[in-house]
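Just dropping this structure here.
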Amino acid sequence: EASDWQTALHADTIADDESEEFKLISDFREIVNEGDSNTALKLLEGLKVDERFCDGFSAFRLRFNIGVILQNIGEYEKASTELRSAHVFSPEHPKANAGLALADLIDGRDENAFEHAVSLLSTEGDHINLCAAIAFNAAKRLKVEFDIERYEHVDTSNEDVIISRLDYA
């Protein structure tokens, strides 16, 4: 069972994107941060029919956020499906690949999740802390060693990284 991935929900807020699509997703994500995941999920799901969110990076962002929210509320099968769908819209983006690693972790493909997450830790970006948390969770399940100190971009003071690290130990 995966833990709460709030890092992924907050990660886009540091992106330098002033697009209307990004602002709309951010506004709905704030509803999650205020504790109402179900309302935010309904609002985000409604955007799937909006042509601005049917392709490209906006479609990726939408489905990634839906996937993370579903994971947070325990809808693991649906979360995995959304995260894999998000990846299709932006397969080269590190965050899309982090979402794929999370989907693998959710689906119990721990070795794939671990390898994928660790491979992304050397690429700077807003996916790093999510990948560190995935790597810790997968390493624990696999009973393998994982040393976060080898990766300079990881924020070891990040709450999700700390929780995952403590759980791993």
Side-chain angles (χ1 to χ4, degrees), residues 1-17 22 25-38 40-41 44 60-84 86-87 90 93-169:
E1 185 172 304
S3 59
D4 186 2
W5 298 98
Q6 200 164 18
T7 299
L9 288 172
H10 291 209
D12 272 341
T13 60
I14 63 170
D16 187 21
D17 187 338
F22 176 73
I25 291 172
S26 294
D27 288 347
F28 292 167
R29 204 177 44 238
E30 274 306 307
I31 296 170
V32 172
N33 296 339
E34 294 168 3
D36 192 356
S37 294
N38 290 323
L41 187 59
L44 288 167
F60 153 69
R61 281 189 170 146
L62 175 64
R63 283 161 178 79
F64 180 86
N65 280 281
I66 290 171
V68 170
I69 293 168
L70 287 166
Q71 190 276 334
N72 285 347
I73 63 173
E75 295 284 341
Y76 301 115
E77 189 174 322
K78 291 178 183 177
S80 176
T81 299
E82 285 294 334
L83 291 164
R84 291 181 191 287
H87 181 263
S90 194
H93 195 279
K95 193 165 186 178
N97 284 292
L100 195 58
L102 178 55
D104 281 340
L105 185 68
I106 290 168
D107 294 342
R109 298 179 182 139
D110 299 329
E111 192 169 309
N112 288 348
F114 181 75
E115 289 174 8
H116 209 150
V118 169
S119 75
L120 293 165
L121 288 173
S122 298
T123 305
E124 196 171 3
D126 66 352
H127 65 284
I128 293 289
N129 295 324
L130 174 61
C131 287
I134 292 166
F136 274 126
N137 281 276
K140 179 180 179 180
R141 291 182 189 174
L142 293 167
K143 298 180 181 10
V144 298
E145 190 172 318
F146 175 61
D147 181 13
I148 196 70
E149 302 304 326
R150 296 177 44 210
Y151 304 96
E152 65 179 300
H153 302 300
V154 176
D155 177 4
T156 55
S157 67
N158 174 278
E159 182 180 348
D160 290 325
V161 173
I162 291 170
I163 291 168
S164 296
R165 187 180 206 173
L166 289 171
D167 191 44
Y168 166 78

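Counting begins at 1 with the first residue of the sequence. This structure is a prediction, so every number in the text was calculated from the model and none was measured.
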Quick check for you: to the nearest 0.5 Å, what is the distance between Ile25 atom CD1 and Arg61 atom CZ? 6.5 Å

pair Ile73-Asn38: side-chain heavy atoms closer than 4.5 Å: yes

Mind checking the CG-OH spacing from Leu120 to Tyr151? Nearest 0.5 Å is all I need. 10.5 Å

Stepwise, does the salt bridge (charged side-chain N to carboxylate O under 4.0 Å, His left out) test hold for Glu149 with Arg165? CA-CA 11 Å; Glu149 302 304 326; Arg165 187 180 206 173; 2.5 Å; yes

Between Ser90 (side chain) and Ala86 (backbone), is there a donor-acceptor pair under 3.5 Å? no

Heavy-atom closest contact (Ala132 atom, Leu121 atom, distance): N-CD2, 3.7 Å

From Arg84 CZ over to Ile106 CD1, what is the distance, rounded to the nearest 0.5 angstrom? 8.5 Å

Let me confirm one number: the OH-CD distance from Tyr168 to Glu145, rounded to the nearest 0.5 Å. 5.5 Å

Angle class for the Phe146/Phe114 ring planes (parallel below 30°, perpendicular above 60°, tilted otherwise)? perpendicular

Interatomic spacing from CG in Leu102 to OG in Ser80 - rounded to 0.5 Å: 8.5 Å

For residues Ala79 and Gly67, report the shortest heavy-atom separation together with the two atoms involved. CB-O, 3.3 Å

Can you find a heavy atom in the side chain of Asn137 that is under 4.5 Å from one in the side chain of Asp167? yes

I want to check something: taking the side chain as every heavy atom from C-beta on, are Asp160 and Asn129 in contact at a cut-off of under 4.5 Å? no

Taking it one step at a time, do Phe136 and Val161 satisfy side-chain contact (heavy atoms from CB on, under 4.5 Å)? CA-CA 8 Å; Phe136 274 126; Val161 173; 4.3 Å; yes

So CZ of Arg141 and NZ of Lys143: to nearest 0.5 Å the spacing works out to 11.0 Å

Testing Val68, Ile31, Ile69 for side-chain contact (heavy atoms from CB on, under 4.5 Å) with Ser37, which one passes? Ile69

Under a 4.5 Å cut-off applied to non-hydrogen side-chain atoms, are Ile134 and His116 in contact? no

Can you confirm whether Thr156 sits close enough to Ile162 that some side-chain heavy atom of one is under 4.5 Å from a side-chain heavy atom of the other? no

Side chains of Leu100 and Leu83: does their closest heavy-atom pair fall under 4.5 Å? no

Using a 4.5 Å cut-off on heavy atoms from C-beta on, say whether the side chain of Asp126 contacts that of Lys95. yes

Closest contact, heavy atoms only, His87 versus Asn97: NE2-OD1, 3.0 Å

Give the minimum heavy-atom separation between Ala138 and Ala113, together with the two atoms involved. CB-CB, 4.4 Å

If I compare all heavy atoms of Ala135 with all of Ala117, which pair ends up nearest, and what's the gap? N-CB, 4.0 Å

Is there side-chain contact between Leu41 and Leu70, with at least one heavy-atom pair below 4.5 Å? yes

